[in-house]
Q: 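Here it is, the structure in full.
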Amino acid sequence: ERKTKSFNFAAYHDLETIYKFMDTLVDKHSNLISKERIGSTFENRPMYVLKFSTGGEKKPAIWIDAGIHAREWISHATAVWLANRIATDFEKNRALVPSILGHVDIYLMIVANPDGYVFTHHSPNTHYRLWRKSRSVTSNPKCPGVDLNRNWDAHFGGPGASDDPCAEDYRGPSVQSEIEVKNIADFIMSHGNFKSFMTLHSYKQLLMYPYGYSGTDAPDKPELHDVATQASKALNSWHGTVYKVGSIFHTIEPASGASADWAYLRGIKYSFAFELRDTGKYGFLLPADQIVSTATETWLALKYIMKHVCDH
Ligand code: ING
Ligand code: ZN
């Protein structure tokens with residue numbers, strides 16, 4: 001109990017500390033939260049998902065992940081804060097969370113790329129701190145790692161992904177070649193009842209929906225655009241942070257093999273990708289004193305989307 005209370009949400013933490021935090025949180029809220037190991041990474045680290053559930057068999061579910069790109073530390077830190085916020089809002093019976101959790105289970109993966117995240121903590125050296133990809137061995141011994149957001153079975157090999165192992169957006173040798181991607185995809189498919197998929201990145205302040213692989217509109221674009229617009233307004237109401245809304249392809253850049261497209265193409269309609277703060281002043285090196293405000297405003301957007309999912 002004392003540990004959760006004294007946990008510093010306004011700081012970035014390494015993998016070990018985040019994994020300990022998960023255990024402490026689960027212990028403290030064992031009526032609500034459980035931890036599932038969904039597999040191991042290339043370097044054999046465990047991959048964990050936190051499940052927030054009030055019970056019931058295979059309830060409809062909402063997926064949230066962070067940290068698929070190692071250097072995007074604000075995404076991990078936001079997810080840590082979210083885990084605690086969901087638990088405390090539920091415990092204190094703050095209106096929306098108990099009602100959301102009456103309808104759906106929430107699955108939260110705080111560190112989707114543990115090997116990469118550990119690598120970003122290796123030293124103050126900027127090259128390490130700004131590592132993006134996984135840490136798997138590639139065909140080029142000088143260039144390890146695959147972009148885990150180009151390796152999904154969603155027009156793999158299309159535009160906006162590289163076949164060069166030395167590129168930051170290297171898609172990997174084949175679909176789901178990366179064990180981290182396979183573990184998450186297998187978990188979501190075997191569950192079979194996910195209604196929403198949300199993935200947290202940084203930076204640029206964008207709230208995006210499919211597609212990334214093509215500029216053609218997704219069939220649900222009107223609804224997704226409306227939900228994203230309302231969610232970004234909710235986010236803006238906290239500190240006035242401005243987000244742009246649109247498809248991945250049009251808002252940021254073409255990207256094939258991305259997780260949000262994969263989820264949407266598998267029938268998970270409410271698929272969104274967030275690019276959290278900031279717009280470039282600090283970029284990936286967002287000061288830790290912005291963690292709590294970033295997480296708080298993001299929570300408002302997530303809650304809006306969750307409520308919409310519950311009502312539809
Ligand atoms: N940007 C994302 C990237 O993977 C993105 C943009 C998000 C593409 C979701 C496709 C789907 O390149 C960052 N900063 O990682
Ligand atoms: Zn990213």
Side-chain angles (χ1 to χ4, degrees), residues 63-79 109-117 119-120 129-134 145-162 164 167-172 175 178 180-181 184-185 188 196-216 218 221 224 228 231-232 243-266 268 270-286 294 298 301-302 305:
W63 173 270
I64 304 170
D65 66 75
I68 198 167
H69 290 140
R71 63 192 175 192
E72 298 168 10
W73 283 12
I74 186 59
S75 70
H76 312 78
T78 293
M109 181 166 223
I110 298 175
V111 191
N113 176 10
D115 294 351
Y117 192 57
F119 193 66
T120 63
R129 171 62 186 84
L130 293 180
W131 190 258
R132 167 178 166 100
K133 300 189 281 180
S134 70
V146 166
D147 184 343
L148 296 181
N149 204 29
R150 299 293 182 277
N151 190 241
W152 297 71
D153 190 4
H155 296 261
F156 177 87
S162 176
D164 174 2
E168 286 280 59
D169 63 347
Y170 175 46
R171 68 186 181 220
V175 159
E178 301 311 285
E180 295 84 1
V181 169
I184 299 171
I188 289 175
S196 176
F197 178 96
M198 296 189 270
T199 182
L200 305 181
H201 290 255
S202 74
Y203 57 93
K204 273 256 165 64
Q205 295 175 195
L206 309 171
L207 179 42
M208 303 177 291
Y209 47 80
Y211 298 119
Y213 82 92
S214 158
T216 55
K221 185 203 158 167
L224 296 180
S232 76
Y243 267 54
K244 282 193 189 128
V245 167
S247 78
I248 296 160
F249 187 98
H250 287 115
T251 311
I252 186 158
E253 59 188 3
S256 55
S259 66
D261 276 5
W262 174 84
Y264 185 77
L265 292 167
R266 292 287 166 302
I268 304 175
Y270 297 107
S271 174
F272 296 98
F274 285 71
E275 294 278 6
L276 305 179
R277 290 192 201 175
D278 55 10
T279 56
K281 180 173 184 196
Y282 298 104
F284 301 116
L285 307 179
L286 192 72
T294 301
T298 305
L302 291 170
I305 295 169

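We count ligands from 1, going down the list as the structure has it; atoms in each ligand are counted the same way.
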Q: Taking all non-hydrogen atoms of both residues, which atom of Y203 and which atom of R277 are closest, and how far apart?
A: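 Shortest heavy-atom separation between Y203 and R277 comes out as CB-O, 3.5 Å.
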Q: Output the atom name for the N/O/S atom of H69 with the smallest distance to the Zn ion (ligand 2).
A: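 Looking at H69, the N, O or S atom with the least distance to the Zn ion (ligand 2) is ND1.
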Q: Can you check whether L130 reaches T120 side chain to side chain, under 4.5 Å on heavy atoms?
A: no
Q: Evaluate the ring planes of W131 and F119, with Trp represented by its six-membered ring, and classify them as parallel (under 30°), tilted (30 to 60°) or perpendicular (over 60°).
A: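 Because their plane-to-plane angle is over 60°, the rings of W131 and F119 count as perpendicular.
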Q: In ligand 1, which numbered atoms sit nearer than 4.0 Å to a non-hydrogen atom of E253?
A: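 That gives atoms 12 (O) of ligand 1.
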Q: Record the part of K204 in heavy-atom contact with ligand 1 below 4.0 Å; permitted values are side chain, backbone, both and neither.
A: neither
Q: Heavy-atom pairs closer than 4.0 Å: do any link ligand 1 to the side chain of S259, the backbone, both, or neither?
A: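 No part of S259 comes within reach of ligand 1.
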Q: Classify the contact between A260 and ligand 1 as side chain, backbone, both or neither, using a heavy-atom distance cut-off of under 4.0 Å.
A: neither
Q: Of the options H69, R171, E168, which is the one that meets D147 in a side chain to side chain contact (heavy atoms under 4.5 Å, CB included)?
A: H69
Q: If I take every N, O or S atom of E275, is at least one of them less than 2.8 Å from the Zn ion (ligand 2)?
A: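 Given the 2.8 Å cut-off, E275 does not count as a ligand of the Zn ion (ligand 2).
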Q: In terms of atom number and element, which parts of ligand 1 are under 4.0 angstrom from non-hydrogen atoms of E72?
A: 13 (C), 14 (N), 15 (O)
Q: Within the 4.0 Å heavy-atom shell around A273, which atoms of ligand 1 are there?
A: 9 (C)
Q: Could you walk me through whether R150 and E253 pass the salt bridge (Lys or Arg N to Asp or Glu O under 4.0 Å) check?
A: CA-CA 13 Å; R150 299 293 182 277; E253 59 188 3; 3.7 Å; yes
Q: Could you list the atoms of ligand 1 found under 4.0 angstrom from a heavy atom of A258?
A: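 In order of numbering, the contacting atoms are 10 (C), 11 (C).
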Q: Which ligand 1 atoms does H69 reach within 4.0 Å, using its non-hydrogen atoms?
A: 3 (C), 4 (O), 15 (O)
Q: Report the relative orientation of the aromatic rings in Y117 and H76; use parallel for angles under 30°, tilted for 30 to 60°, perpendicular for over 60°.
A: parallel
Q: Which protein non-hydrogen atom lies closest to atom 2 (C) of ligand 1, naming both residue and atom, and how far is it?
A: E275 OE2, 3.2 Å
Q: Looking only at heavy atoms of R132, does any of them come nearer than 4.0 Å to an atom of ligand 1?
A: yes
Q: Using the side chain to side chain donor-acceptor pair (under 3.5 Å) rule, take W63 and S196 through it: C-alpha gap first, then chi angles, then the decisive distance, then the call.
A: CA-CA 6 Å; W63 173 270; S196 176; over 6 Å; no
Q: Show your working on side chain to side chain contact (heavy atoms under 4.5 Å, CB included) between S75 and H201 and close with a plain yes or no.
A: CA-CA 6 Å; S75 70; H201 290 255; 6.0 Å; no
Q: Between E180 and I68, is a side chain to side chain contact (heavy atoms under 4.5 Å, CB included) present by the stated rule, with each step listed?
A: CA-CA 9 Å; E180 295 84 1; I68 198 167; over 6 Å; no
Q: Report yes or no: does S202 have a heavy atom closer than 4.0 Å to ligand 1?
A: yes
Q: Could you tell me the residue and atom name of the protein heavy atom closest to atom 12 (O) of ligand 1, and the distance to it rounded to 0.1 Å?
A: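 In this structure, atom 12 (O) of ligand 1 has R150 NH2, 2.8 Å as its nearest protein heavy atom.
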Q: Could you list the atoms of ligand 1 found under 4.0 angstrom from a heavy atom of I248?
A: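 Counting from 1, the qualifying ligand atoms are 8 (C), 10 (C), 11 (C).
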Q: Tell me the angle that ND1 of H201 and OE2 of E72 form around the Zn ion (ligand 2), rounded to 10°.
A: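 It comes to 150°.
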Q: What residue and heavy atom of the protein are closest to atom 5 (C) of ligand 1, and at what distance?
A: N149 ND2, 3.8 Å
Q: Grab the two heavy atoms, one from S271 and one from A260, that are nearest each other, plus how far apart they are.
A: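 Closest heavy-atom pair between S271 and A260: OG-O, 2.8 Å.
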Q: May I ask you to check if ligand 1 and D147 share an N or O to N or O distance below 3.5 Å?
A: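 Not met; the criterion fails.
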Q: Given K204 and D278, is the salt bridge (Lys or Arg N to Asp or Glu O under 4.0 Å) satisfied, shown in steps?
A: CA-CA 6 Å; K204 273 256 165 64; D278 55 10; over 6 Å; no
Q: Closer than 4.0 Å to some heavy atom of A255 - which atoms of ligand 1 meet that?
A: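 Under 4.0 Å from A255, ligand 1 has these atoms: 8 (C), 10 (C).
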Q: OG/S247 to OH/Y213 distance, rounded to the nearest 0.5 angstrom?
A: 11.5 Å
